[in-house]
Participant: 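Could you have a look at this structure, given as structure tokens, before my questions?
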Amino acid sequence: MYDFVVVNADQTTYTERQLPVSYADELRSGMPLSRDGACQLIRCGEDELPAVLAAAMEARQRFKPGITTYSRKVFIPLTNLCRDYCGYCIFRRDPGQTGAHTMTPDQVLKGVRAGERMGCTEALFSLGDKPELVFPEMRETLRRLGYKSTLHYLEAMCELVLRETTLLPHPNPGLLSAEWIARLAKVSPSMGLMLETTNASLLVAGAAHDNAPDKIPAKRVYTIEEAGRQNVPFTTGLLIGIGETLEDRVDTLLAIRELHRRYGHIQEVIIQNFRAKPEIPMHDQPEPTQGEMMRTIAVARLLMPDVNIQAPPNLSAPFYDELLDAGLNDWGGISPVTPDFINPEKPWPHLEQLKLRTEAKGYRLRQRLPVYPEFVPAVTTEPGLLSEKVKAAVDCDGYARRPA
Ligand code: SF4
């Protein structure tokens with residue numbers, strides 16, 4: 001066993017915490033944490049947890065001391081039609097189902113303008129994956145709107161937002177080809193795709209992804225890899241509690257770490273916890289505990305000490321601020337305008353509350369853009385509309401410029 005002395009952000013000191021000596025040495029040596037080490041740490045007992053958290057905090061403090069970020073966003077659910085049927089999803093609809101909806105360009109602009117008035121800097125486009133491949137109704141909607149596919153429509157709406165407003169689009173459209181990554185990268189400074197899990201056995205009958213062809217892990221890795229080849233700042237992450245094991249969580253983190261090692265483009269890793277709802281097929285699946293969240297975040301931080309680690313505060317309310325003790329440094333997108341359409345029963349914390357609770361843990365809360373400060377140069381070197389808009393939105397430290 002090994003003793004740690006770690007100074008926390010609020011100047012409290014973790015002392016006499018203990019980790020198994022081999023993993024403590026691994027962490028102190030500066031060598032990347034191994035799979036075995038990560039699997040041990042994610043399984044740590046209550047007695048070892050304080051030392052694991054202390055080690056994660058030490059890494060977090062080296063990375064971005066004193067600051068926790070969030071992105072003030074407006075949520076644009078461009079279409080909730082989707083060809084997949086994930087067992088935990090409350091967002092998706094079939095055509096004709098109550099609540100099925102595809103936004104018009106006017107509705108997109110109206111929503112974004114509402115966000116603009118509230119100081120938002122991100123337009124988060126969330127949508128189902130390729131609904132037109134299975135639904136003639138979506139093909140008809142797209143024909144009326146004048147687009148060949150959902151991705152053509154998304155591209156046009158990102159361009160509209162970029163041209164007409166001060167917000168920056170961040171699309172989350174599902175799997176993308178190399179060509180589509182290149183096209184969307186011209187109209188958005190960053191994009192995202194949750195890897196969720198590398199466990200392909202969740203595709204079998206009765207599991208979370210048994211009717212979700214776009215959740216094949218290898219295909220998702222391909223999209224993230226292609227974004228890396230094209231140097232696109234990319235957000236990804238884990239969805240925990242959907243039937244995967246603790247080792248699967250480690251393997252998913254390792255897959256992301258390897259992609260980042262090769263391409264250096266992973267700007268953010270989200271640790272999202274499954275939340276059960278009566279309306280979903282997985283309504284009786286147990287939710288991950290706060291302890292699981294803390295351990296997963298801490299191991300993510302230790303595996304990727306130089307990557308932003310995020311968890312949505314509304315999914316860990318009311319004790320979300322505890323997640324800061326595990327090495328988190330970002331709260332993700334928070335909207336003062338729109339609900340969380342993915343977890344509508346979980347309201348986002350009021351921004352003033354988020355600020356107070358973040359400050360109580362010893363951090364200054366700063367508003368970032370959808371593209372993180374360290375990735376701003378990647379999207380501002382080429383001249384053009386995107387570069388101009390990012391430069392207009394960013395301050396000299398790479399965060400969101402405060403209104404004059
Ligand atoms: S989680 Fe995404 S891909 Fe899965 S059903 Fe919902 S909208 Fe479709």
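As the structure lists them, so they are numbered: ligands from 1, and atoms in each ligand from 1. Please read these numbers as outputs of a predicted model, since none were measured by experiment.
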Participant: Under 4.0 Å, counting heavy atoms only: does K215 come that close to any atom of ligand 1?
Facilitator: yes
Participant: Using heavy atoms and a threshold below 4.0 Å, how should the contact between D84 and ligand 1 be classified: side chain, backbone, both, or neither?
Facilitator: both
Participant: R92 heavy atoms, cut-off 4.0 Å: which ligand 1 atoms fall inside?
Facilitator: 5 (S)
Participant: May I ask you to check whether C86 brings an N, O or S atom to under 2.8 Å from atom 8 (Fe) of ligand 1?
Facilitator: no
Participant: Over 60° means perpendicular and under 30° means parallel, so classify the ring planes of W331 and Y320, tilted if in between.
Facilitator: perpendicular
Participant: Between H170 and F75, does the ring centre distance come in under 6.0 Å?
Facilitator: no
Participant: With no hydrogens and no angle check, is any side-chain donor or acceptor of R220 less than 3.5 Å from a backbone partner on M194?
Facilitator: yes
Participant: State which residue, out of L253, L239, L323, L328, fulfils the side-chain contact (heavy atoms from CB on, under 4.5 Å) condition with I271.
Facilitator: L253
Participant: Are any of the side-chain heavy atoms of I334 and P313 separated by less than 4.5 Å?
Facilitator: yes
Participant: Can you pull out the closest protein heavy atom to atom 6 (Fe) of ligand 1? Residue, atom name and distance to 0.1 Å, please.
Facilitator: C89 SG, 2.4 Å
Participant: Return the residue, atom name and 0.1 Å-rounded distance of the protein heavy atom closest to atom 8 (Fe) of ligand 1.
Facilitator: C82 SG, 2.4 Å
